[in-house]
2 protein chains.
Amino acid sequence: MAEPTPDLRSAGQTRPGCPVSRVRDRLRQAGLRPTRQRICLGWLLFSKGDRHITAEMLFEEAQRARVPVTLATVYNTLKQFTIAGLLRQIAAEGRRTYFDTDLTDHDHFLMEGEEELVDIPGAPVGLAGLPPAPAGYEIERVDVIIRLRRADPESTTAAGVWSLRSER
Amino acid sequence: MAEPTPDLRSAGQTRPGCPVSRVRDRLRQAGLRPTRQRICLGWLLFSKGDRHITAEMLFEEAQRARVPVTLATVYNTLKQFTIAGLLRQIAAEGRRTYFDTDLTDHDHFLMEGEEELVDIPGAPVGLAGLPPAPAGYEIERVDVIIRLRRADPESTTAAGVWSLRSER
DNA sequence: TTACGTGCAAATAATTTGCAGTCCC
DNA sequence: GGGACTGCAAATTATTTGCACGTAA
């Protein structure tokens with residue numbers, strides 16, 4: 001949030017070895033033409049570690065970084081990045097779509113009230129007894145979302161490690 | 001889909017013992033005033049077994065059943081039902097919100113391309129090693145969404161019972 | 001050059017809201 | 001009777017699209 005916002009106006013230039021070039025290569029590998037705005041957005045997305053982001057958020061960030069892009073282009077770019085496998089769309093309920101720059105297998109917390117997802121640190125939840133996929137389909141991925149509610153002060157929720165789903 | 005559509009225009013009347021009265025009671029228990037439209041929508045929702053439904057879908061169904069309701073009221077009612085615990089909102093990505101009349105613990109398949117969720121028959125996937133909830137929060141529910149992709153004809157996806165998540 | 005990208009503004013789609021009139025308790 | 005509900009239409013919000021122009025290969 002309070003990170004220094006880099007000025008990316010010169011992202012079109014060629015500077016081998018610099019992070020911008022790395023983004024450029026990554027785009028090319030993904031089959032996307034490395035245009036100025038894609039490089040800038042890619043830099044904003046991938047140079048700050050794992051993050052969840054919406055189109056609106058990325059757009060504001062781009063403006064702060066003096067990157068000339070339109071909101072529409074941000075939307076289009078996010079979609080292209082997702083199709084190209086550079087981003088992952090998160091299944092969150094709520095109006096806006098979130099994109100995750102972390103492509104590894106991990107789960108999410110969803111706080112009630114807040115419309116924000118939080119990465120669950122550590123290894124993903126283990127799954128047992130996955131059902132067979134219907135005929136003609138195969139399992140691509142399993143998303144686990146742990147919904148949280150604000151704890152009652154009285155309920156001594158000893159939140160340790162659960163074993164297996166108990167209820168119903 | 002081809003089910004006979006009941007005419008619910010008389011749902012306001014009192015007929016003890018009939019399913020309409022059951023809906024009425026259920027609403028009252030949930031703290032909702034049993035108005036004509038709520039009774040009708042409740043009947044449509046709960047008298048056909050478990051289902052996933054959007055506001056638009058329910059609205060069309062109501063029109064077919066000659067129930068005088070507005071789309072706006074359908075939206076409002078679905079939200080009220082959800083808050084009252086009569087429905088559950090499903091975390092699906094995609095533009096529209098789905099509501100599930102099945103309140104029991106179960107998982108969902110999400111077919112790629114199609115924007116529809118399918119209940120996973122049988123017991124829910126077992127979870128191992130749930131992480132502790134962050135301070136001040138407690139786990140309310142765990143949603144598991146299994147994303148499916150159309151299988152390659154060649155890949156012999158022996159979709160049996162998996163043990164534990166392998167990929168990281 | 002030339003197809004692919006982008007900006008801009010207008011179009012959609014999904015959902016919410018304000019307010020006046022209606023209905024349940 | 002009075003507040004809770006509903007209808008209707010207009011407002012929001014999130015996202016997409018059409019088309020003329022710009023730019024990377």
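Just so it is clear, the values below take in all heavy atoms, side chains as well, and ignore hydrogens, waters and symmetry mates. Every chain is numbered from 1, with letters handed out A, B, ... down the list of sequences.
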Polar atoms only, N or O, under 3.5 Å: list the protein pairs with nucleotides 8-14 of chain D and their distances.
{"unit_1": "D:dA14", "atom_1": "OP1", "unit_2": "A:R96", "atom_2": "NE", "d": "3.1"}

Nearest to the side chain of B:R28, heavy atoms from C-beta on, is which of C:dC25, D:dG7, D:dA25?
C:dC25
Mark yes or no for whether B:T70, through its side chain, and B:T73, through its backbone, hold a donor-acceptor pair below 3.5 Å.
no
Taking the side chain as every heavy atom from C-beta outward, state whether A:D119 and A:H108 have any pair of such atoms under 4.5 Å apart.
yes
Would a 4.5 Å heavy-atom cut-off, applied to side chains only, mark A:K48 and A:E61 as touching?
yes
Taking side chain as C-beta onward, heavy atoms only, is B:I139 less than 4.5 Å from B:L130?
yes
Tell me the interatomic distance from B:I83, atom CD1, to D:dC5, atom P, rounded to whole angstroms.
12 Å
Roughly, in whole Å, what's the span from CD1 in B:I39 to P in D:dA4?
19 Å
So, does B:R36 get its side chain near the phosphate of D:dC5, meaning an N or O under 4.0 Å from OP1 or OP2?
no
For the pair made of CZ in B:F59 and P in C:dA13, what is the distance, rounded to whole Å?
16 Å
Could you check whether any side-chain heavy atom of B:V125 comes within less than 4.5 Å of a side-chain heavy atom of A:P131, counting everything from C-beta outward?
yes
Give a yes or no on whether a salt bridge exists between B:R147 and A:E138, defined as a side-chain N under 4.0 angstrom from a carboxylate O.
no
Give every residue pair that meets the ring-ring contact (aromatic ring centres under 6.0 Å, His included) criterion with at least one member in residues 78-104 of chain B, sequence neighbours excluded.
none
To the nearest angstrom, the CD-C1' distance between A:Q89 and D:dT16 comes to 14 Å
Under 4.0 Å between a side-chain nitrogen and a carboxylate oxygen: does that hold for A:R150 and B:E140?
no
What N/O pairs connect the protein and nucleotides 2-5 of chain C at under 3.5 Å? Give each pair on its own line.
{"unit_1": "C:dC4", "atom_1": "O4'", "unit_2": "A:R33", "atom_2": "NH2", "d": "3.2"}
{"unit_1": "C:dG5", "atom_1": "OP1", "unit_2": "A:R38", "atom_2": "NH1", "d": "3.3"}
{"unit_1": "C:dG5", "atom_1": "O5'", "unit_2": "A:R38", "atom_2": "NH1", "d": "3.3"}
{"unit_1": "C:dG5", "atom_1": "O5'", "unit_2": "A:R38", "atom_2": "NH2", "d": "3.2"}

How many Å lie between NZ on A:K79 and P on D:dT15, as a whole number?
10 Å
Between B:T54 and B:P34, just flag the one whose closest nucleotide in DNA chain C comes earlier from the 5' side.
B:T54
Here the distance between atom C1' of C:dA14 and atom CE of B:M57, to the nearest Å, is 15 Å
Would you say that B:M111 contacts A:P134 through its side chain, given a criterion of any heavy-atom pair below 4.5 Å between the two side chains?
yes
Between B:R24 (CZ) and C:dC25 (C1'), how many Å, whole number?
12 Å
Separation of C:dC25 P from B:L27 CG (nearest whole Å)
10 Å
